[in-house]
2 protein chains.
Amino acid sequence: MRPTARQVAELAGVSVATVSYVLSGRDRPVAPETRQRVLDAARQLGYTPNQAARSLRKRRTQRVCLVLSTVGGVPSDARLAMDLHEMADARGYSVVTLSVDSAARAQAAVEVLRGGIADGALIRVTGDHLERDLLSGLAATGLPMVVMSNESGLEGCDVVRTPEVEACAEAVGHLLDTGRRRIAFMGQRYEVYREQPEGRLLGYLQAMDRHGSAERIITGGADDRVAAYQTATELLGSPDRPDAIFAASDRAAISAIWAARDLGLSVPGDVAVVGVGNIDEGLISNPQLSTVGPLRHDYTDVVRLLFDRLQAEEPPPAREIVRSWTFVRRGSS
Amino acid sequence: MRPTARQVAELAGVSVATVSYVLSGRDRPVAPETRQRVLDAARQLGYTPNQAARSLRKRRTQRVCLVLSTVGGVPSDARLAMDLHEMADARGYSVVTLSVDSAARAQAAVEVLRGGIADGALIRVTGDHLERDLLSGLAATGLPMVVMSNESGLEGCDVVRTPEVEACAEAVGHLLDTGRRRIAFMGQRYEVYREQPEGRLLGYLQAMDRHGSAERIITGGADDRVAAYQTATELLGSPDRPDAIFAASDRAAISAIWAARDLGLSVPGDVAVVGVGNIDEGLISNPQLSTVGPLRHDYTDVVRLLFDRLQAEEPPPAREIVRSWTFVRRGSS
DNA sequence: CTGTTAGCGCATTCAG
DNA sequence: CTGAATGCGCTAACAG
């Protein structure tokens, strides 16, 4: 049985109130000697306050929740997590992470958040599992939250958007401007099989629309490196192979470069390759990877939104920030 | 204000006990009509039980905690998380993840676990942040836990070990047997700068000891892909370059292959490369990556340990399992 | 079949 | 400076 404040109090010969005041360090005057007795007793018993009881009473958990698609997902998730951890540490919060990689787990995650696991949430879930209505419903409970998403109609929370459509269109436009005509789009499953094109696929389509002549080639396969390699191998092995591949992730793009080289094709001579995300790995690939994404992976502005909201007296008005994305041309295109 | 069971009860015209029984689905008989009124009231108010209150009362959270080094860490973390999520779902638990990438956060994580955030923990933290004493202290509180670690002296919990020393020694032995004499070890910071060699470095050293003649070359740089690329470039650019690189991770090994090729060296002709981890990416690298690690990334046995412990009446005796690791020779060596 | 009651462990009044 | 009493929201035992 874990020791309780009551047991500490008995051992120290004081009341539970005194134990609480000493250990939570509030500004009630406590005699130095009493304080020491309490601290000794707590140490001796290995006492740690029960968080469930504490949050029930204080109506705060001092925790924030990071909601991501998968453990070990995109590299930028790691940067986001770093920045969140850093600011949370500084403000006395701890961080728990929830992972949402199916509709069922999205439902479960919302349930956990509604159950009060944390005082606020930073949510970045790709794919279509966490639907707008779920999120808006969650925000309607008053939970402070920041959502990184380009979806429209997110009410009651701060929203962080990314101009990925425009940036991807620019990248594909660059491919067209440099003479490429058979440009393949290699996307993630959820993006390719959506009814209405959005995001990266939409950027590709918009750019292609401006050059009506160019042929559209759309495939999946960007979900993991091996699948991307196989998809690229098929694309590039066909008689009417594309002269460019626009991949929805840098990891997939690098797989495409590998596939090209293994087929004896030169990059960018025979086929240009552009990815999305601007991960560091693109700097050491050969050739270096052209990509679209943020120039610096700094998420402190996003994280600050959450803590502003947490520490506000009144719920502040919903804010929206748009992060900047750039097309970075390097050797692969 | 989030609605409480009391408000649901008032709206439905019943007592809070009835609300509790209806919503938690226990086997107390409730009149169908009453049940429906409760459900309607709950839906109308958007009621979700307060988990803090519930766990305080039930002395269970129905949550398990996964403790990892970093968000977006090694690929096998993702597989471990998948298997944990799957079994947790099946048994009505949710999963929260804690990340530990510094000694301070290790302390904080232990505090959170002691505070009762979950009913049990699955812990896999590389590096030296989460020390044995911290872990044993945590286990001593009675928290069911499974630790994936080769550290000795872990008391009161199940331990999952990996024969990485032997497997790495085998890999390096293979390099020696095939005539390599200048074999560089490229490790993670925490492993290279430890007083006593352990783990992968120890395996390397043991193998090298058996061939007294071979020269030892030990570097860091395996922490991320870019650092590994730079380190490998330096190693291979020197006049007395190594004829083999044993990297402490597959990702670093692949960076080493890139570095070699960018220097015009052939792999494995001029330099052999072996990694650790057996990630899928090794199958599409060129040449395919030789590696040591598990043949299949299946962690259900590990996860089962935890749930066995959670669902046991009595705390079961501490168990230990040893997972199997194999040297997989492929094209890069 | 349903309501009343007594805590779970803690933080916080209010008395002293 | 310290202690006793109250209740956060919920579940489980006990009455009815």
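Not measured: the values here are computed from a predicted model.
Rounded to a whole Å, the CD atom of B:Glu10 is 13 Å from the P atom of C:dG3. Going from atom CD of A:Gln51 over to atom C1' of C:dC10 covers 10 Å, rounded to whole Å. The nearest whole Å value for the distance from the CZ atom in A:Arg2 to the P atom in C:dG9 is 9 Å. B:Arg37 has its CZ atom 12 Å from the C1' atom of C:dC1, to the nearest Å. Straight-line distance from the CZ atom of B:Arg114 to the P atom of C:dC10: 12 Å, rounded to whole Å. We find that CZ of B:Arg60 is positioned 17 Å from P of D:dC10, with the value rounded to whole Å. When the C1' atom of D:dT2 is taken as reference, atom CG of A:Leu23 falls 15 Å away, rounded to whole Å.
Neither OP1 nor OP2 of C:dT13 sits under 4.0 Å from any side-chain N or O of A:Tyr21. Between A:Ser20 and C:dA11 there is a side-chain polar atom (N or O) within less than 4.0 angstrom of OP1 or OP2. The phosphate of D:dT2 (OP1 or OP2) has a side-chain N or O of A:Thr34 nearer than 4.0 angstrom. Distances shorter than 4.0 Å separate some side-chain N or O of B:Arg59 from OP1 or OP2 on C:dG9. Using a 4.0 Å cut-off, no side-chain N or O of A:Ser55 falls inside it from OP1 or OP2 of C:dC10.
Contact annotation: side chain of B:Arg6 to base of D:dG7, donor-acceptor pair absent below 3.5 Å.
Separation of atoms CG (A:Leu134) and NE2 (A:His129) is listed at 12.0 Å; rounding is to 0.5 Å.
Using modelled atom types and a 3.5 Å distance limit, the side chains of A:Arg124 and A:Ser76 yield a donor-acceptor pair.
Within the nucleic acid shown, A:Pro49 comes within 4.0 Å of sugar-phosphate atoms alone, with no base atom in reach, counting heavy atoms only. B:Ala17 comes within contact range of at least one nucleobase, with a heavy-atom separation under 4.0 Å. At a threshold of 4.0 angstrom between heavy atoms, the contacts of A:Val14 are confined to the sugar-phosphate backbone, with no base atom among them. Note on A:Arg54: only backbone sugar-phosphate atoms sit closer than 4.0 angstrom, heavy atoms only; bases stay farther off.
Along DNA chain D, the nucleotide nearest A:Ser15 and the nucleotide nearest B:Ala52 are compared for position; the residue whose nucleotide lies closer to the 5' end is A:Ser15. Residues A:Leu56 and B:Val30 each lie close to DNA chain C; by heavy-atom proximity, the contact nearer the 5' end of the strand is made by B:Val30. Of the residues near DNA chain C, A:Arg57 and B:Arg28, the one whose nearest nucleotide (by heavy atom distance) lies more toward the 5' end is B:Arg28.
Under 4.0 Å is where a charged nitrogen must lie from a carboxylate oxygen, and between A:Asp308 and A:Arg319 at least one such pair does. B:Arg189 has a carboxylate O that lies under 4.0 Å from a charged side-chain N of B:Asp223, or vice versa, which qualifies the two as a salt bridge.
Of the candidates C:dT2, D:dG3, C:dC10, C:dC10 carries the atom nearest the A:Ala5 side chain, counting heavy atoms from C-beta on. Among the nucleotides D:dC1, C:dT2, C:dC10, the one closest to any side-chain atom of A:Pro29 is D:dC1.
Of all heavy-atom pairs between A:Thr126 and A:Ser69, the closest is N-OG, 2.9 Å.
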